[in-house]
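First up is the structure itself, then whatever we jot down about it.
Keep in mind that this is a model prediction, so the values were computed, not measured.
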Amino acid sequence: MTSPTSRRPYGVKGAPYGFLLPATLLFALFFALPIGYAVWLSFRKMHVSGLGLGAGARSEVWAGAENYTAAFQDGELLNGALRVLGYGCIVVPVMLGLALLFALMLDSDRVRLAPFTRLAIFLPYAVPGVVAALLWGFLYLPDVSPFSFVLDRLGLPQPDLLDGGPLYLALSNIAVWGGTGFNMIVIYTSLRSVPAEVYEAAKLDGGTPLQIALRIKIPMVAPSLVLTFFFSIIATLQVFNEPTTLKPLTNSVSTTWSPLMKAYQDAFGRNDIYSAAAEATLIAVVTLLLSFGFLRAANRRDKQEAAR
């Protein structure tokens with residue numbers, strides 16, 4: 001006897017592939033193809049004959065690993081990576097710590113005006129990154145900042161947040177202000193999915209709100225913490241908007257402050273798209289390796305805990 005599914009016309013069987021086709025085309029055109037082209041350019045270079053004048057004087061030739069060797073030996077790229085490392089050591093723990101704290105507070109039974117508070121914490125994430133950087137940049141400038149005016153009236157010193165070591169705090173503050181709300185929503189949503197019976201059982205056993213938060217809520221939302229940490233690491237490695245926007249306001253931010261700024265400067269400042277492609281590829285590979293390593297370590301830890 002023939003089953004009903006075997007009598008379906010071919011058009012019905014191929015319907016899922018038809019629905020996937022637009023997304024596949026968009027992925028190939030706007031993601032896979034640009035990445036492949038960037039990798040191709042990273043193995044090329046411009047060969048100049050004579051004075052570089054006239055038709056055929058400039059030609060694109062195969063460079064092999066020359067661009068990658070130059071990138072590894074580039075001190076500006078290495079310094080940019082070290083600056084981003086210091087920036088990330090401030091942003092990631094502070095942002096995720098605040099996101100977790102706010103999520104736990106909103107999940108408390110004693111919270112008041114929870115919808116308004118939740119929206120107020122999330123709202124900075126809706127502000128575009130460039131607008132947020134400009135907003136904070138002018139708040140940092142001593143000549144126009146209301147904070148500097150208040151400090152001057154009180155006779156207190158006015159710190160220059162756009163120079164030296166405080167620059168890291170200034171840049172980190174912009175990222176924390178804009179990203180905490182998104183991470184808070186992810187963690188808070190995970191908290192709301194925990195069955196209420198778990199909390200009731202803990203209360204019947206004499207658990208205090210602090211003990212419930214530390215021993216039940218935080219372990220239960222561990223997958224969300226892993227996810228937000230993963231996204232935060234990627235965003236930190238790709239920092240570009242904040243330092244680029246603040247650069248006209250201070251001399252402490254160079255055109256190569258971060259690795260992505262270095263690649264942008266090589267591509268559009270020096271007109272060397274081949275070196276920029278190699279640098280961008282290295283940034284992508286480092287991001288992939290760190291992300292893969294972190295997720296693998298997190299999965300191994302989950303398996304060890306499940307085996308106990």
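Taking 4.5 Å as the limit, every side-chain heavy atom of Pro259 sits out of range of all side-chain heavy atoms of Glu279. The shortest distance between side-chain heavy atoms of Phe138 and Ser145 does not fall below 4.5 Å. Leu100 has its side chain within reach of Leu225: a pair of non-hydrogen atoms, C-beta onward, lies under 4.5 Å apart. Leu106 has its side chain within reach of Thr117: a pair of non-hydrogen atoms, C-beta onward, lies under 4.5 Å apart. Put simply, the side chain of Ser172 does not reach to within 4.5 Å of the side chain of Val94, judged on heavy atoms. Side-chain atoms of Met184 and Leu101, non-hydrogen and from C-beta on, never get closer than 4.5 Å to each other. Two residues are said to be in side-chain contact when any heavy atoms from C-beta on lie closer than 4.5 Å; Ser232 and Asn183 meet this criterion. Side chains of Arg83 and Ser254 form a contact here, defined as non-hydrogen atoms less than 4.5 Å apart.
In this structure, Asn173 contributes its side chain and Leu169 its backbone to no donor-acceptor pair below 3.5 Å. Asp205 contributes no side-chain N or O that, together with a main-chain N or O of Gly207, makes up a donor-acceptor pair within less than 3.5 Å. Judged by distance alone, the side chain of Thr244 and the main-chain N or O of Asn241 form no donor-acceptor pair under 3.5 Å. Between the side chain of Asp74 and the main chain of Ala70, no donor-acceptor pair closer than 3.5 Å is present. Between the Ser258 side chain and the Met261 main chain, a donor and an acceptor come within less than 3.5 Å of each other. Judged purely by atom type and a 3.5 angstrom limit, Asp107 has no side-chain atom pairing as donor or acceptor with the backbone of Arg192. A donor-acceptor contact shorter than 3.5 Å links the side chain of Ser42 to the backbone of Val39.
The CG atom of Leu33 sits 13.5 Å away from the CH2 atom of Trp40 when rounded to the nearest 0.5 Å. Of the inter-residue distances, the one linking Met95 atom CE with Ile90 atom CD1 reads 12.5 Å to the nearest 0.5 angstrom. For the atom pair Glu200 CD and Glu197 CD, the distance stands at 8.0 Å (nearest 0.5 Å). Atoms CD and CH2, on Glu242 and Trp257 in that order, are 9.0 Å from each other to the nearest 0.5 Å. Note that OG1 of Thr287 is 4.5 Å distant from CG of Leu237, once rounded to the nearest 0.5 Å. Here Phe147 contributes atom CZ and Tyr140 contributes atom OH; the two are 9.5 Å apart, rounded to the nearest 0.5 Å.
Between Phe294 and Phe229, the distance separating the two ring centers is shorter than 6.0 angstrom. In summary, the aromatic rings of Tyr264 and Phe268 are positioned with their centroids under 6.0 Å apart. A ring-centre distance under 6.0 Å is not found for Phe122 and Phe182.
A pairwise comparison of heavy atoms in Ala267 and Ile273 identifies O-CG2, 4.1 Å as the closest pair. The minimum heavy-atom distance between Met220 and Ile216, with the atom names listed, is CG-O, 2.8 Å. When all heavy atoms of Leu98 and Thr180 are compared, the pair lying nearest together is CB-CG2, 3.9 Å. Taking both residues in full, the closest heavy atoms of Leu214 and Pro219 are given as O-CD, 3.4 Å, listed atom of the first, atom of the second, then distance. In this structure, Gly88 and Thr236 approach most closely via the heavy-atom pair CA-CG2, 3.4 Å. Closest heavy-atom contact between Val176 and Val91: CG2-O, 4.1 Å.
Between the side chains of Ser252 and Asp163, a donor-acceptor pair is found at a separation under 3.5 Å. Between the side chains of Glu60 and Tyr274, at least one donor N or O sits under 3.5 Å from an acceptor N or O.
A side-chain contact (heavy atoms from CB on, under 4.5 Å) with Val221 holds for exactly one of Leu104, Leu191, Thr189; it is Leu191.
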* To do: Starting from the C-alpha separation in whole Å, work towards a yes-or-no answer on side chain to side chain contact (heavy atoms under 4.5 Å, CB included) for Thr255 and Lys247.
  => CA-CA 8 Å; Thr255 56; Lys247 183 184 175 302; 3.0 Å; yes
* **salt bridge (charged side-chain N to carboxylate O under 4.0 Å, His left out) assessment of Asp272 paired with Lys45** => CA-CA 9 Å; Asp272 186 359; Lys45 68 177 182 179; over 6 Å; no
* **Full working for side chain to side chain contact (heavy atoms under 4.5 Å, CB included) between Leu167 and Leu161** => CA-CA 5 Å; Leu167 177 64; Leu161 297 176; over 6 Å; no
* **Evaluation steps, ring pair (Phe, Tyr, Trp, His ring centres under 6.0 Å), between Phe43 and Tyr68** => CA-CA 8 Å; Phe43 291 101; Tyr68 290 96; 5.3 Å; yes
* Asked: Stepwise, does the side chain to side chain contact (heavy atoms under 4.5 Å, CB included) test hold for Leu77 with Thr256?
  -> CA-CA 7 Å; Leu77 186 64; Thr256 58; over 6 Å; no
* Could you go through the side chain to side chain contact (heavy atoms under 4.5 Å, CB included) check for Leu249 and Leu246 one step at a time? => CA-CA 5 Å; Leu249 305 179; Leu246 292 184; 4.0 Å; yes
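Under the 4.5 Å side-chain contact rule for hydrophobic residues, Val285 and Phe240 do not share a cluster. Note on Met46: it clusters hydrophobically with Tyr37, by side-chain heavy-atom contacts below 4.5 Å among ILVMFWY residues. Placement of Val194 and Leu227 in two distinct hydrophobic clusters is found when ILVMFWY residues are connected by side-chain heavy-atom separations under 4.5 Å, directly or transitively. Both Leu29 and Leu26 are members of a single hydrophobic cluster when ILVMFWY side chains are connected at heavy-atom separations under 4.5 Å. Under the 4.5 Å side-chain contact rule for hydrophobic residues, Val253 and Leu78 do not share a cluster.
Legend: residues meeting side-chain hydrogen bond (donor to acceptor under 3.5 Å, both in side chains) with Tyr87, ordered by chain and number and at least two apart, are absent. For Phe31, the ring-ring contact (aromatic ring centres under 6.0 Å, His included) criterion is met by Phe27, not counting sequence neighbours.
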